[in-house]
Amino acid sequence: MKDRTHTADAEPGETVTVAGWVHEIRDLGGIAFLILRDATGKIQVKFEKEEMDDDLVETGLGVHRESVITVSGDVEEEPRAPTGVEIVPESVDVVAEAAPDLPLDPSGKVDAELSTRLDNRTLDLRKEEVKAVFEIRAEVLRAVREYFRSVGSTEINTPKIVATGTEGGTELFPITYFGREAFMNQSPQLFKQLMVGSGLERVFEIGPIFRAEEHNTPRHLNEATMIDFESAFVDHEEAMDVCEGTLKAAYEAVAENCAEQLEILGYEDFEVPVGDFPRLTYEEAIERINATGALDEQLVWGDDLSTEAEKALGEDVGGHYFITDWPSEIKPFYIQDYDEDPQLSKGFDLMHPRMELVSGGQREHRYEKLVAGFEQQGLDPDQFEYYTKMFKYGMPPHAGWAYGVERLVMTMLDLPNIREAVLFPRDRQRLSP
Ligand code: ATP
Ligand code: MG
């Protein structure tokens with residue numbers, strides 16, 4: 001629509017055509033108001049029944065809520081209108097009529113269950129507080145991309161259909177690939193590592209990952225969006241610096257560019273994390289967890305951190321923090337161990353007080369050690385030959401990490417369920433829409 005004006009741009013004194021959805025109709029007798037909503041906001045349209053053409057009044061007030069209409073008319077100042085202006089209509093056109101019985105109420109007056117909302121995501125995203133989450137998500141991704149570019153990282157896209165898994169066999173989704181077994185990729189891990197040995201050196205990818213998680217939880221999806229980073233000639237400490245920088249850049253961008261969305265979501269003072277994130281070793285972490293007394297059973301060296309353990313430590317630390325120097329045994333084969341203490345790995349996690357956000361580490365780039373690591377973890381190195389063989393031809397030392405976008409948005413906005421941060425979530429029950 002060439003001559004369309006967004007509601008937010010309608011200025012008193014102008015004659016405009018606005019287009020959008022019928023948010024609400026309030027009939028006060030001699031006078032009635034239609035509230036029209038578009039992506040930029042809402043505007044009041046005033047119908048003075050006695051003074052206006054009957055057809056016009058009938059069309060404007062007879063249309064069902066959530067129908068798409070266009071309204072042409074003069075914009076006038078009106079201090080009592082929600083936005084301080086209103087339109088006195090010359091014409092109203094119904095472009096797409098909505099059925100009278102809506103599966104959920106986009107005006108938000110009637111609450112809907114999450115499953116109803118997800119089944120009707122189009123209508124759900126007409127609510128400003130739902131839309132705000134996805135506008136913030138988009139800003140997070142924009143800021144992350146910009147940050148990566150500022151540190152000389154090249155965006156890549158790698159295959160999502162693969163021959164082998166990388167993150168554990170039970171979470172794989174098998175598919176049939178021209179009569180052969182294949183899988184949906186759980187992570188771009190191996191591909192991004194192959195690229196640090198290429199001429200690109202420093203890369204990032206933002207793309208889907210697929211994991212057949214065993215349980216439905218509020219923080220797992222079966223299809224998630226991962227932000228991956230990998231760089232040649234850095235160690236795990238430098239990789240953590242970039243990780244921290246990315247997170248802060250995302251928060252700063254949201255604080256700077258999403259004031260309106262934050263207000264809609266009720267954040268009066270959105271806090272951008274400041275200062276260096278504490279870096280606790282795994283050993284310090286389990287000591288602190290045990291000291292809180294929150295767990296029934298004390299953790300011993302070698303235990304993975306349960307959800308309860310993460311929560312206890314998160315409360316104790318009170319902000320973002322890293323856990324470094326994990327036991328080699330609970331980190332994947334591609335993470336490098338300390339030469340002087342092979343029980344310890346250079347893997348790290350970035351934690352939000354509520355949950356894990358990122359896993360990363362320095363990678364094993366030495367061919368012999370890499371292949372030995374496969375065998376130790378019970379994986380067949382032959383299956384990964386496409387990957388390991390490149391380590392014979394000059395693979396630099398490198399490190400990297402991966403975030404879940406949904407967890408980043410979920411923790412940033414304090415959303416109770418990860419499904420709130422993805423348009424069309426995939427969980428054990430949900431396969432459509
Ligand atoms: P968790 O232990 O919480 O299940 P993970 O250690 O298996 O996560 P990683 O393989 O380390 O996950 O993946 C890196 C990041 O990707 C995680 O820190 C998380 O932010 C995100 N992520 C992983 N799996 C999922 C999932 N199923 N749903 C949403 N995000 C995920
Ligand atoms: Mg992890």
Side-chain angles (χ1 to χ4, degrees), residues 137 140-141 144 160 165-173 183-193 204-230 236 239-240 243-244 246-247 250 277 282 285 303-311 313-314 320-335 345-363 377 399-412 415-430:
R137 180 182 157 123
V140 164
L141 292 176
V144 163
K160 304 306 156 205
T166 54
E167 309 292 312
T170 52
E171 291 175 5
L172 276 168
F173 280 116
F183 304 96
M184 303 301 291
N185 206 7
Q186 296 168 301
S187 154
Q189 180 65 35
L190 306 187
F191 294 115
K192 68 177 178 174
Q193 283 190 262
F204 73 99
E205 176 163 6
I206 301 177
I209 56 123
F210 306 89
R211 296 187 182 186
E213 300 286 353
E214 212 170 329
H215 304 289
N216 272 338
T217 82
R219 61 198 175 94
H220 287 97
L221 295 161
N222 296 118
E223 177 174 351
T225 309
M226 204 98 118
I227 303 173
D228 270 89
F229 173 75
E230 200 72 24
H236 54 304
M240 281 189 265
C243 183
E244 191 169 328
T246 315
L247 184 127
F277 295 168
Y282 165 84
D303 286 346
D304 207 347
L305 304 190
S306 61
T307 311
E308 294 71 41
E310 286 179 356
K311 206 172 143 246
L313 186 55
H320 291 91
Y321 64 102
F322 287 98
I323 306 178
T324 66
D325 298 2
W326 285 79
S328 312
E329 225 179 76
I330 50 178
K331 284 291 171 190
F333 62 86
Y334 48 76
I335 304 273
S345 79
K346 298 181 191 172
F348 62 82
D349 281 2
L350 171 64
M351 309 293 297
H352 177 273
R354 285 176 69 194
M355 71 190 78
E356 175 191 318
L357 286 184
V358 177
S359 282
Q362 169 122 29
R363 319 306 188 181
Q377 294 211 353
W401 44 259
Y403 266 98
V405 176
E406 291 81 12
R407 288 203 190 166
L408 178 55
V409 173
M410 174 190 187
T411 51
M412 178 184 274
L415 305 173
N417 192 317
I418 197 166
R419 291 161 184 75
E420 303 265 4
V422 57
L423 287 174
F424 299 107
R426 291 287 171 263
D427 61 29
R428 291 187 80 90
Q429 282 74 40
R430 187 167 285 279

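Just so you know, ligand 1 is whichever comes first in the structure, and atom 1 is the first atom listed for that ligand.
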Check each of Arg211, Arg219, Glu223 against atom 23 (C) of ligand 1 and report the one with the nearest heavy atom.
Arg211
Any chance you could measure Leu350, atom CG, to Met240, atom CE, to the nearest 0.5 Å?
10.0 Å
Check ligand 1 against Val358 and write out every atom of the ligand that is under 4.0 Å from a heavy-atom position of the residue.
18 (O)
Any N/O pair Gly404/ligand 1 closer than 3.5 Å
yes
Do any of the N/O/S atoms of Asp349, backbone or side chain, fall under 2.8 Å from the Mg ion (ligand 2)?
no
Can you check which of Glu213, Gln186, Met355 brings a heavy atom nearest to atom 25 (C) of ligand 1?
Glu213
Could you list the atoms of ligand 1 found under 4.0 angstrom from a heavy atom of Ala402?
14 (C), 15 (C)
Which is closest to atom 26 (C) of ligand 1 in terms of heavy atoms, Leu221, Thr411, Leu408, Val405?
Leu221
For a quick test of reading the model, state the closest non-hydrogen atom pair linking Pro188 to Glu205 and the distance between them.
CB-OE1, 3.6 Å
Looking at ligand 1, does Ile418 have a heavy atom less than 4.0 Å from it?
yes
Run the salt bridge (Lys or Arg N to Asp or Glu O under 4.0 Å) test on Arg426 and Glu406 for me, step by step, so that the C-alpha distance in whole Å, both residues' side-chain angles and the decisive distance to 0.1 Å come before the verdict.
CA-CA 12 Å; Arg426 291 287 171 263; Glu406 291 81 12; over 6 Å; no
To the nearest 0.5 Å, what is the distance between NZ on Lys160 and CZ on Phe173?
15.0 Å
How close do Gly360 and Ile335 get, heavy atom to heavy atom, and via which atoms?
O-CD1, 3.8 Å
Counting heavy atoms only, which of Glu406, Glu310, Glu356 comes nearest to atom 6 (O) of ligand 1?
Glu356
Of all the heavy-atom pairs spanning Gln377 and Lys331, show the shortest one and how long it is.
NE2-O, 2.8 Å
Considering only heavy atoms, does Leu357 approach ligand 1 within less than 4.0 Å through its side chain, its backbone, both, or neither?
backbone
Say whether Arg407, considering both its backbone and side-chain N or O atoms, lies within less than 3.5 Å of an N or O atom on ligand 1.
yes
Which atom pair, heavy atoms only, marks the closest approach of Trp326 to Asp304?
CZ3-OD1, 3.7 Å
Where the Mg ion (ligand 2) is the centre, what is the OE2-to-OG angle for Glu356 and Ser359, rounded to 10°?
80°
Shortest non-hydrogen contact between Ala402 and Asp228, atoms and distance
CB-OD2, 3.3 Å
